[in-house]
Amino acid sequence: MTDEYNTLLASITKRCEAANQLHILTHLSDDTISQSDKLSFLQSINEIPLEKLASYLQGALDEEEKLKNFDPTNVAKEDMVEPFIGGLSTKDTSQQDTLKESNSIGMKAVSNGEVAALLLAGGQGTRLGYNGPKGMYDIGLPSKSTLFQYMSERIKKLGELSGKGAKAVPFYIMTSPLNHKATTEYFEKSDNFGIDVHFFPQGTLPALTSPDGKMILETQTSLAVAPDGNGGIYPALVKHGILNDMKKRGIKYIHAFGVDNALVKPADPTFVGYCIKKDADCGNKVLWKTSPDEKVGVVATKGGNPCIVEYSDISKEMSERRDVNGRLVFGAGNICNHFYTLDFMENVIVPNLGNMYHVARKKIPYYDEEKKETVKPTSNNGIKLESFIFDVFPLSKNMAVLDVARSEEFAPVKNPPGTSSDSPDTARMLFSNVAKEWVKKAGATLVGDLESDLCEISPMTSYNGEGLEKYKGKEIECPFSI
Ligand code: UD2
């Protein structure tokens, strides 16, 4: 045993003992396990905030309990959740001038090199059932582009449209330790799609049993760990010096978005420009929910401050409440598109980061001491602790909300192929519909298989329907690839 090993073992044993987690060291006395496996196991434990796990778990369980016992007839003022009032709808015909102005403000910011795109790609994509980074998923359009490719090419095209060139908008990608290598290798192989890309991994936390909060061994020398939720973005931005890097480059505005929307418009100049125009510190793009049980969070206010109530946390009564016109009152659906000024991120969010985690009950693979192998349970046996990216929104003093057209901006890829909603199939159809609409708007007539879900306009041809003038008066046969 080396000195390094012995020193680490002594310190970790002490910390595990104090944290009531000694069981994870059980196999270190097994001579059949290699020294290097044991050392890397100890090094991985050393990264875990052992002393804080119990309080993280307690906080998350308390919050879960509070939600369970929520009594709408007896709510303290600071917990009062109300619909968010304000914001602008892109469908409001009287506001088209404001939208045009917003777009040119956003374009100017892009051409000044002031806008960064920030992708949340650290999730595990368990629901999709795809064994790899979700961004590498191909939804089956003719180009066989992956989600990463669509986003990168849109960023490239936007830079070109702004006049500053392909690298106008730096693309920061948050991975997780579980998918970092696969993601970076993919981009490297694709020459970063010709844009300026930067990667940084978010943190992980160990899965815990409930309620006693024991860490779970997945193998003899590894723990079951999971990314710490998309709210892990803030500590990760600091840890990896990303905010400083942005500052050095002159970035002032950040557009953060999820990896699983095939129609996402990275660094969307209209959204960014609208937030700049409103002098907002933080902003959110929404679309109106189609039904009470649609799995999107909703923008609201809590105790007068902006917030998002996650779909897993909203009460049935709130989600079903409608106004006199039958419109859902809590309907401003979050599509994981957030705007921040760098100033708000650095000077308000970062100094005020708390340890706020939510409980996600999951099936955690564990090492079965009798079978001597890893077993995948069939029911939930543990908890993952996750923070949400929007948990910091109550810090905003001026939140801008832009309500956009669902058909143009939201093609979620959450569920496996063959599922009737939020699947690669529904996303492909939505993507094709946008392509058809754009050529029709450009003055073309569609012929052929009008129902085809294989119609595609490459982001290198058009970011948002522009640049299709040459199709005016032409017939276009569906399916098509432009
Ligand atoms: C997210 C929103 C939800 C709704 C919906 C719309 C959150 C917490 N919830 O729910 O309100 O708007 O999207 O599509 O944002 N991710 C990470 N690291 C993690 C976990 C997730 O980077 O540890 C990324 C993930 O890769 C994805 C995004 O965050 O790009 C959203 O994550 P999700 O798929 O877990 O969220 P979902 O669909 O439950």
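As the structure lists them, so they are numbered: ligands from 1, and atoms in each ligand from 1. Keep in mind that the numbers below use all heavy atoms, side chains included, and drop hydrogens, waters and symmetry copies. Computed from a predicted model, the values in this text were never measured in an experiment.
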Checklist entry - Any N or O on V259 sitting closer than 3.5 Å to an N or O of ligand 1? => result yes

Checklist outcome for this item: Closest heavy-atom pair, G213 versus Q21, reported as atoms and distance to 0.1 Å, is O-NE2, 2.9 Å

Item to check | Reported OG1-to-CG distance for the pair T270 and L402, which is rounded to 0.5 angstrom | outcome: 8.0 Å

Checklist entry - Would you say E451 has more than 12 foreign heavy atoms packed within less than 6.0 Å of its CD? => result no

Item to check | Atoms of ligand 1 close to G258 [distance to a heavy atom under 4.0 angstrom, numbered from 1] | outcome: 30 (O)

Next on the checklist: Return the closest protein heavy atom for atom 39 (O) of ligand 1 as residue, atom name and distance.
Outcome noted: Y311 OH, 2.4 Å

Item to check | Nearest-neighbour protein heavy atom for atom 18 (N) of ligand 1, which is reported as residue plus atom name and distance | outcome: Q202 OE1, 2.6 Å

Checklist entry - Strictly under 6.0 Å, is that where the ring centroids of Y253 and Y340 end up? => result no

Checklist entry - Should K134 be counted as touching ligand 1, given the test is an N or O pair under 3.5 Å? => result no

Checklist entry - Can an N or O of G297 be found at a distance shorter than 3.5 Å from an N or O of ligand 1? => result yes

Checklist entry - Which is it for S176 and ligand 1 at heavy atoms under 4.0 Å: side chain, backbone, both or neither? => result neither

Checklist entry - Should you measure from each heavy atom of V296, which atoms of ligand 1 turn up under 4.0 Å away? => result 4 (C), 6 (C)

Next on the checklist: Students should be able to answer this: which protein heavy-atom is nearest to atom 26 (O) of ligand 1, and at what distance?
Outcome noted: G123 N, 3.1 Å

Checklist entry - Which ligand 1 atoms does F390 reach within 4.0 Å, using its non-hydrogen atoms? => result 7 (C), 8 (C), 9 (N), 11 (O), 15 (O)

Checklist outcome for this item: Heavy-atom nearest pair, S145 first then E456, reads OG-OE2, 4.5 Å

Next on the checklist: Please identify which of these residues, F84, F390, F330, meets the side-chain contact (heavy atoms from CB on, under 4.5 Å) condition with V299.
Outcome noted: F84

Item to check | Sub-4.0 Å atoms of ligand 1 with respect to non-hydrogen atoms of E310 | outcome: 2 (C), 3 (C), 7 (C), 8 (C), 9 (N), 10 (O), 11 (O)

Next on the checklist: Using 0.5 Å steps for rounding, measure from the SG atom of C282 to the CD1 atom of I349.
Outcome noted: 6.0 Å

Item to check | Protein contact to atom 35 (O) of ligand 1 [nearest heavy atom, distance to 0.1 Å] | outcome: R127 NH2, 4.6 Å

Item to check | Nitrogen or oxygen atoms of K295 and ligand 1 under 3.5 Å apart | outcome: no

Item to check | Per-atom contacts, ligand 1 versus M174 - under 4.0 Å to a heavy atom | outcome: 22 (O)

Next on the checklist: Is atom 30 (O) of ligand 1 near the protein, in the sense that some protein heavy atom lies at less than 4.0 Å from it?
Outcome noted: yes

Checklist entry - Nearest to atom 19 (C) of ligand 1 by heavy atom, A360, S387, G125, G229: which? => result G229

Checklist entry - Do Q149 and T146 have side-chain atoms, one donor and one acceptor, less than 3.5 Å apart? => result no

Next on the checklist: In this structure, does ligand 1 have an atom that sits under 4.0 Å from one of the heavy atoms of A121?
Outcome noted: yes

Checklist outcome for this item: Of N337, N334, V299, the residue with the heavy atom nearest atom 4 (C) of ligand 1 is N334

Next on the checklist: I need the contact type for F257 against ligand 1. Using non-hydrogen atoms and a strict under-4.0 Å cut-off, is it side chain, backbone, both or neither?
Outcome noted: neither

Checklist entry - Is the distance between the ring centroids of F171 and H198 less than 6.0 Å? => result no

Item to check | For L178 against Q124, the heavy-atom pair lying closest together | outcome: CD1-NE2, 3.2 Å

Checklist outcome for this item: Per-atom filter on ligand 1: closer than 4.0 angstrom to a heavy atom of G122 are 17 (C), 18 (N), 22 (O), 26 (O)

Item to check | Close-contact set for ligand 1 against D260 heavy atoms, below 4.0 Å | outcome: 34 (O)

Next on the checklist: Just to be sure I read this right, does ligand 1 sit under 4.0 Å from the backbone of K384, its side chain, both, or neither, counting only heavy atoms?
Outcome noted: neither

Pairs of donor and acceptor atoms involving the side chains of residues 199-208, under 3.5 Å and at least two apart or interchain, shall be tabulated with distances.
unit_1, atom_1, unit_2, atom_2, d
Q202, NE2, D228, OD1, 2.8
Q202, NE2, G229, O, 3.0

Checklist entry - Within 45 degrees of the axis of the six-membered ring of W288 and under 6.0 Å from its centre: does R327 put its NZ or CZ there? => result yes

Next on the checklist: Under 4.0 Å, heavy-atom basis, I'd like to know which part of K414 is in contact with ligand 1: side chain, backbone, both or neither.
Outcome noted: side chain

Item to check | Residue pair R15 / N46, side-chain donor-acceptor N/O under 3.5 Å | outcome: yes

Item to check | Selected option - heavy-atom contact closest to atom 15 (O) of ligand 1, from L119, T175, N230, L120 | outcome: N230

Checklist entry - With a 6.0 Å cut-off on ring centres, are H255 and F271 close enough? => result yes

